[in-house]
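Presented below is the structure to which this report refers.
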Amino acid sequence: MSKPFVVVWEGVDGAGKTTLMNKVKEILIQKGYTVSTYKTPSDSMTGKFAKTYGNSLEIDPLTRMLIFLANTSDDSKIIKRNLSEGLDFYFIDRYFLCSIVYGFAFSKTRGAPISEQDFKNFIKIIEKLGKQVFANPDLYVIVDVPEEERVKRLSIKETQGGLEDSLERDALMQQNVRLFYKAFSEMNPDKVLWIVNREGELEKTSEKIVAELLTRSKENP
């Protein structure tokens, strides 16, 4: 492979996105491929600010979205440097799409009169503004899970002290998250792989994604 195949991993809270991503990474490494990952919000200056003030309970949806979007934009310089390291695959655990999807979902949950078309228009503007800033992903893997399984996983995560905020548990919020991820999928059907990460099927689902990544990476060397 002449350049890294860049995959952005997105999904609803509790879908097991990071666990699935790490399993796919493990399988690819076992097959002899080099894989690196990057997670946002990061430990950069803007990442630390996003994780602290951006996650505060009193923050409004617009400010929250802009803070997280600023972090993903700012960290793009780090991501681009990493892409020059001669890797086969580069995985980004949430990118600028997440900032926008969750920002719109939070606003809609709070009653803002916004539509999927508003979201699509906004995405196009951000992509145009960020053309020289953002890394260009080859594929988006969007991970979903049946709602009853999602709630069960969050209950386990909560007992381990892993919940970041109440929005993870908010069913309406997560319904709106799905809504805007689906809108993005409609915009980019050839660049989105929608995965339902069912309980007990980690190995099967991971192998399916690996096969898809290997096929696509050979088509786009």
Side-chain angles (χ1 to χ4, degrees), residues 3-18 20-21 24 38-41 61-62 64-76 79-80 83 89-147 150 167 172-197 205 208-209 211-213 215-220:
K3 67 179 181 65
F5 189 80
V6 181
V7 183
V8 171
W9 295 74
E10 301 275 357
V12 300
D13 290 317
K17 165 187 55 63
T18 302
L20 187 60
M21 181 191 73
V24 169
Y38 190 88
K39 181 177 177 60
T40 66
L62 178 58
R64 180 187 176 113
M65 179 179 71
L66 294 176
I67 288 173
F68 279 96
L69 185 57
N71 169 238
T72 52
S73 175
D74 182 47
D75 279 13
S76 291
I79 291 170
K80 284 184 173 181
L83 292 177
F89 292 93
Y90 190 77
F91 291 170
I92 304 173
D93 190 344
R94 298 201 186 278
Y95 200 24
F96 66 90
L97 173 61
C98 173
S99 307
I100 300 170
V101 164
Y102 274 76
F104 268 70
F106 192 13
S107 294
K108 188 173 180 65
T109 302
R110 286 283 184 88
I114 51 177
S115 67
E116 291 135 285
Q117 190 57 53
D118 293 327
F119 168 83
K120 292 177 180 179
N121 292 340
F122 188 81
I123 282 282
K124 289 177 181 177
I125 292 171
I126 294 299
E127 288 180 334
K128 186 176 291 187
L129 287 171
K131 188 172 180 61
Q132 305 303 321
V133 177
F134 296 119
N136 183 28
D138 295 293
L139 181 68
Y140 289 83
V141 176
I142 299 179
V143 185
D144 199 0
V145 67
E147 184 62 17
R150 192 187 76 82
L167 292 178
L172 178 58
M173 170 70 180
Q174 298 304 319
Q175 178 182 322
N176 288 327
V177 166
R178 289 187 182 94
L179 177 74
F180 291 117
Y181 272 133
K182 286 187 182 295
F184 181 78
S185 299
E186 292 170 3
M187 296 173 67
N188 302 275
D190 296 333
K191 291 187 69 172
V192 172
L193 181 62
W194 192 281
I195 294 292
V196 178
N197 187 25
T205 304
K208 175 183 176 182
I209 296 172
E212 187 72 27
L213 295 188
T215 298
R216 291 187 183 232
S217 63
K218 290 172 184 175
E219 293 172 350
N220 299 281

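What you are looking at is a predicted structure, and each value in this text was computed from that prediction instead of being measured. These numbers come from the heavy atoms of this one structure, side chains and all, not from hydrogens, waters or symmetry mates. Throughout, numbering of the chain's residues begins at 1 and tracks the sequence.
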Which atom of [X] lies closest to which atom of [Y], heavy atoms considered:
{"X": "Ala135", "Y": "Ile79", "result": "CB-CG2, 3.9 Å"}
{"X": "Val141", "Y": "Val7", "result": "CG2-CG1, 3.6 Å"}
{"X": "Pro41", "Y": "Phe68", "result": "CG-CE2, 3.8 Å"}
{"X": "Ser185", "Y": "Val192", "result": "OG-CG1, 3.3 Å"}
{"X": "Leu193", "Y": "Leu139", "result": "N-CD1, 4.1 Å"}
{"X": "Val6", "Y": "Asn136", "result": "CB-O, 4.3 Å"}

Whether the side chain of Ser73 engages the backbone of Leu69 through a donor-acceptor N/O pair (distance < 3.5 Å, no angle test) should be reported.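 Looks like no, no N/O pair under 3.5 Å.
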Under 3.5 Å: donor-acceptor pair, side chain of Asn197, backbone of Val143: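 No: the side chain of Asn197 does not pair with the backbone of Val143.
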Pairing residues for Lys182 by the side chain to side chain contact (heavy atoms under 4.5 Å, CB included) criterion, not counting sequence neighbours: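 Applying side chain to side chain contact (heavy atoms under 4.5 Å, CB included) to Lys182 gives Trp194.
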Just jot down the side chain to side chain contact (heavy atoms under 4.5 Å, CB included) partners of Ala183, sequence neighbours excluded, or say none. Glu116, Phe119, Lys120
Listed by chain and number, what are the side chain to side chain donor-acceptor pair (under 3.5 Å) partners of [X], not counting sequence neighbours?
{"X": "Ser115", "value": "Asp118"}
{"X": "Glu127", "value": "none"}
{"X": "Arg178", "value": "Asp144, Glu147"}
{"X": "Lys80", "value": "none"}

Nearest 0.5 Å, what's the [atom1]-[atom2] distance between [X] and [Y]?
{"X": "Trp9", "Y": "Leu97", "atom1": "CH2", "atom2": "CG", "result": "14.5 Å"}
{"X": "Tyr181", "Y": "Gln174", "atom1": "OH", "atom2": "CD", "result": "9.5 Å"}
{"X": "Phe96", "Y": "Ile100", "atom1": "CZ", "atom2": "CD1", "result": "6.5 Å"}
{"X": "Asp138", "Y": "Leu213", "atom1": "CG", "atom2": "CG", "result": "10.0 Å"}
{"X": "Leu62", "Y": "Ile67", "atom1": "CG", "atom2": "CD1", "result": "10.0 Å"}
{"X": "Leu20", "Y": "Ile195", "atom1": "CG", "atom2": "CD1", "result": "7.0 Å"}

Residues two or more places apart in sequence or in another chain: which of them pass salt bridge (Lys or Arg N to Asp or Glu O under 4.0 Å) with Lys191?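 Counting only residues at least two positions away or on another chain, Lys191 forms no salt bridge (Lys or Arg N to Asp or Glu O under 4.0 Å).
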Show the numbers, then the answer: is there a side chain to side chain contact (heavy atoms under 4.5 Å, CB included) between Phe91 and Val24? CA-CA 10 Å; Phe91 291 170; Val24 169; 4.0 Å; yes
Would you mind listing every salt bridge (Lys or Arg N to Asp or Glu O under 4.0 Å) that reaches into residues 90-107, with sequence neighbours excluded?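 Sorted result for residues 90-107: Glu10-Arg94, Asp13-Arg94, Lys17-Asp93, Lys39-Asp93.
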Identify all side-chain donor-acceptor contacts of residues 104-111 below 3.5 Å with residues at least two apart in sequence or on another chain.
residue: Ser107; atom: OG; partner: Gly103; partner atom: O; Å: 3.0
residue: Lys108; atom: NZ; partner: Ile114; partner atom: O; Å: 3.3
residue: Thr109; atom: OG1; partner: Ala105; partner atom: O; Å: 2.7
residue: Thr109; atom: OG1; partner: Asn176; partner atom: ND2; Å: 3.0

Sequence neighbours left out, what passes ring-ring contact (aromatic ring centres under 6.0 Å, His included) with Tyr38? Give chain and number order. none
Compute whether any side-chain donor of one residue and acceptor of the other, for Tyr95 and Ser76, lie under 3.5 angstrom apart. yes
